[in-house]
Participant: 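Following this message is one structure expressed as structure tokens.
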Amino acid sequence: MSQLKALSACSAATLISHGPRREDLASASASTLKFGAGASELNGSPLVSQHCRLVKAHKSQVIKAVASNDKETVSAGATNGRGFRGKLNKVVLAYSGGLDTSVIVPWLRENYGCEVVCFTADVGQGIKELDGLEQKAKASGACQLVVKDLKEEFVQDYIFPCLRAGAVYERKYLLGTSMARPVIAKAMVDVAKEVGADAVSHGCTGKGNDQACVRFELTFFSLNPELHVVAPWREWDIQGREDAIEYAKKHNVPVPVTKKSIYSRDRNLWHLSHEGDILEDPANEPEKDMYMMSVDPVDAPNEPEYVEIGIVSGLPVSVNGKQLSPASLLTELNELGGKHGIGRIDMVENRLVGMKSRGVYETPGGTILFCAVRELESLTLDRETIQVKDSLALKYAELVYAGRWFDPLRESMDAFMQKITATTTGSVTLKLYKGSVSVVGRTSPHSLYRQDISSFENGQIYDQADAAGFIRLYGLPMRVRAMLENGM
């Protein structure tokens, strides 16, 4: 029967998984693909699957597809009747092609008697993992594979609002994984509607991926509370990798043969995180060869490089005078920052469930952008506004970290941030040198800085004599306290 075949990879790929990221597995959304189900002998007797077809997605760009004729067989028990745990019609699974999600496909079919639509998002994690994904999904017994390119949406609608808000979690973390989860989960909800699914599923665990569970599921609840959420790691008897391999063999699911990284990593267009192995001891220095997005500052060029960032209403729009789309702009700055060893942080953070976790993050382009926006605000925002904005940024970051992207409080705070940064327009010139970013120039048509007022030379606007009365009034509480203590 008709089945969709891969043609060529799109410019960006699917979820890269250099080890079982504690934040989470998975993927989801902006170029849509649906591939035919593949052969899978779950319970013995085969049955011909339903014809799968390519469906055009809203605001999406098809990554790859062409039709051909093949016979496909899937398990009779998978879609006939009730499963061991109940009955669902169709489930959209956040799919990476790794061991865990490959095993989840037959488990869902066996336990819920449902069709499984595998869903993978490209949020800039790299192209390698897209290759062969169709075959993996089909071999696991999926009915369809949906791939969406979300890079522009991710940067424009999730990264840039956090950048404008100045959201940084616990003084260091620029929220790379936290921002990616809601865009992926939102895409899953959209796909569920497109394919008529009544449930969604993810491969996040309850401990290492505790925050991923929350971030995915809060988004599901916010956007479609009627969807069932299936989290196999909270239900099944599989305890680890060996159990998963045994289950895969029992159900004729090809086990992905990959070189297992000693680190748990999560990558997208904004950052790359590293956890696990020697990093679990906060006293250990990260190994030099662990880093992938940036060179060691020691090995960075011996000459500094200057870059000019153009900003309009608090959001970056150009690099060195060249107008770029959000994703293209960030990609260029990642390359530039990585070359100079920019954006490495090593931190112990407080996770949502209360435990502490040590992580190392690479955010080269993001570090450059945060510096640029902050420096421009020093010209365009007054003291009280900066203080209020900074205080709200802490709460904003907390909400994003906790998976509450679609919370009305965050949305209201975002409206405030958009309003007060309306005049944050101009350009900032930065110097990149061996891991450091320093500002060397800033300019704005809305600058509150007046050289004729700020100059040490006498001017007509600021009269030095005015200071005397101000100081007496401003210091009055301190004078009164001192008078009391001295019996005056």
Side-chain angles (χ1 to χ4, degrees), residues 22-24 154-183 210-212 214-215 218-219 222 266 268 270-271 273 275 282 311 313-316 330 342-363 365-424 428 437 439 448:
R22 294 180 179 172
E23 286 274 358
D24 82 82
F154 177 40
V155 180
Q156 180 70 54
D157 297 340
Y158 295 81
I159 290 176
F160 277 6
C162 287
L163 175 66
R164 178 174 57 204
V168 180
Y169 182 71
E170 293 190 341
R171 306 169 183 168
K172 287 185 176 182
Y173 180 41
L174 300 184
L175 299 169
T177 299
S178 310
M179 295 183 294
R181 298 310 169 225
V183 69
D210 60 297
Q211 293 165 162
V214 173
R215 291 165 183 160
L218 289 189
T219 300
S222 297
D266 179 81
N268 57 49
W270 182 249
H271 88 156
S273 66
E275 294 177 336
I311 298 170
S313 297
L315 300 178
L330 181 54
I342 305 298
R344 295 181 171 192
I345 65 166
D346 183 335
M347 69 179 290
V348 175
E349 68 193 71
N350 290 293
R351 299 178 74 89
L352 187 59
V353 296
M355 71 179 74
K356 287 185 179 289
S357 174
R358 195 262 188 107
V360 176
Y361 300 95
E362 297 178 77
T363 319
T367 300
I368 293 171
L369 289 176
F370 258 85
C371 182
V373 172
R374 189 183 306 117
E375 290 299 332
L376 190 59
E377 287 179 348
S378 70
L379 289 181
T380 62
L381 302 182
D382 60 67
R383 177 179 59 198
E384 297 297 327
T385 301
I386 287 177
Q387 290 176 357
V388 172
K389 182 176 184 291
D390 286 351
S391 66
L392 290 177
L394 297 175
K395 185 62 180 178
Y396 193 108
E398 275 185 35
L399 292 172
V400 176
Y401 189 84
R404 295 170 61 186
W405 183 268
F406 294 99
D407 191 303
L409 176 57
R410 190 211 62 83
E411 293 173 342
S412 298
M413 292 172 67
D414 198 53
F416 169 81
M417 297 298 181
Q418 185 174 358
K419 175 65 176 178
I420 65 169
T421 58
T423 59
T424 302
V428 177
V437 184
V439 61
L448 299 177

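Computed from a predicted structure; not experimentally measured.
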Participant: Just how far is it from atom CG of Leu376 to atom CD1 of Ile311, taken to the nearest 0.5 Å?
Facilitator: 5.0 Å

Participant: Would you say the side chain of Asp157 lies within less than 4.5 Å of the side chain of Val183, judging by non-hydrogen atoms?
Facilitator: no

Participant: Locate the shortest heavy-atom distance separating Val373 from Gly314; write the atom from each residue and the value.
Facilitator: CG2-O, 4.0 Å

Participant: Rounded to the nearest 0.5 Å, how far does CZ of Arg374 lie from CD1 of Ile386?
Facilitator: 11.0 Å

Participant: Could you work out, with side-chain contact (heavy atoms from CB on, under 4.5 Å) as the rule, every residue matching Leu218, not counting sequence neighbours?
Facilitator: Val214, Phe221, Arg404

Participant: May I ask you to establish whether Arg215 and Tyr401 are in a cation-pi arrangement, using a distance under 6.0 Å from NZ or CZ to the six-membered ring centre and at most 45° from the ring axis?
Facilitator: yes

Participant: Distance check, rounded to the nearest 0.5 Å: Leu399 atom CG versus Asp414 atom CG?
Facilitator: 11.0 Å

Participant: Rounded to the nearest 0.5 Å, what's the gap from OH on Tyr173 to NE2 on His271? Could you check?
Facilitator: 4.5 Å

Participant: Not counting sequence neighbours, which residues clear side-chain contact (heavy atoms from CB on, under 4.5 Å) with Val360? List them please.
Facilitator: His274, Leu279, Pro286, Met290, Tyr291, Asp346, Arg358

Participant: Hey, does Val388 have a side-chain heavy atom less than 4.5 Å from the side chain of Phe416?
Facilitator: yes

Participant: Does Trp270 reach the main-chain N or O of Ala180 with its side chain, forming a donor-acceptor pair under 3.5 Å?
Facilitator: no

Participant: How many angstroms lie between atom CG of Leu175 and atom CD1 of Ile159, to the nearest 0.5 angstrom?
Facilitator: 10.5 Å

Participant: Could you measure the distance from the OG1 atom of Thr385 to the CG atom of Leu448? Nearest 0.5 Å is fine.
Facilitator: 9.0 Å

Participant: Going by the rule salt bridge (Lys or Arg N to Asp or Glu O under 4.0 Å), which residues pair with Lys395 if we only count those two or more places apart in sequence or in a different chain?
Facilitator: Glu398

Participant: Grab the two heavy atoms, one from Leu409 and one from Asp407, that are nearest each other, plus how far apart they are.
Facilitator: N-OD1, 2.8 Å

Participant: Backbone N or O of Tyr396 within a donor-acceptor pair of the Arg410 side chain at under 3.5 Å?
Facilitator: no

Participant: Excluding sequence neighbours, so at least two apart, what forms ring pair (Phe, Tyr, Trp, His ring centres under 6.0 Å) with Phe160?
Facilitator: none

Participant: Using the test side-chain hydrogen bond (donor to acceptor under 3.5 Å, both in side chains), find all partners of Thr380 that sit at least two apart in sequence or belong to another chain.
Facilitator: Thr424

Participant: So, for Phe370 and Cys162, which heavy atoms are closest and what is the spacing to 0.1 Å?
Facilitator: CZ-O, 4.0 Å

Participant: What's the shortest heavy-atom distance between Thr367 and Gly343, and which atoms?
Facilitator: OG1-CA, 3.2 Å

Participant: Quick one: does Ile345's side chain get under 4.5 Å of Thr363's, heavy atoms only?
Facilitator: no

Participant: Tell me every residue that passes side-chain contact (heavy atoms from CB on, under 4.5 Å) with Phe406, counting only those two or more places apart in sequence or in another chain.
Facilitator: Tyr158, Pro182, Lys186, Thr219, Ser222, Leu223, Glu411

Participant: Picking from Leu369, Leu163, Ile368, what satisfies side-chain contact (heavy atoms from CB on, under 4.5 Å) with Leu330?
Facilitator: Leu369

Participant: Which residue pairs satisfy the salt bridge (Lys or Arg N to Asp or Glu O under 4.0 Å) criterion with at least one member in residues 378-389, sequence neighbours excluded?
Facilitator: Glu377-Lys389

Participant: For Gly359 versus Glu275, what's the shortest heavy-atom pair and its separation?
Facilitator: CA-CG, 4.1 Å

Participant: Under the side-chain contact (heavy atoms from CB on, under 4.5 Å) test, which residues partner Ser313, sequence neighbours left out?
Facilitator: Thr425

Participant: Arg344: what forms a salt bridge (Lys or Arg N to Asp or Glu O under 4.0 Å) with it, not counting sequence neighbours?
Facilitator: none

Participant: Please report the closest heavy-atom contact between Ser357 and Arg351, naming both atoms and the distance.
Facilitator: CB-CD, 3.3 Å

Participant: Is there a side-chain contact between Trp405 and Val400 (heavy atoms, below 4.5 Å)?
Facilitator: yes

Participant: Which residues pass the side-chain hydrogen bond (donor to acceptor under 3.5 Å, both in side chains) test with Asn350, sequence neighbours left out?
Facilitator: Glu170, Lys356

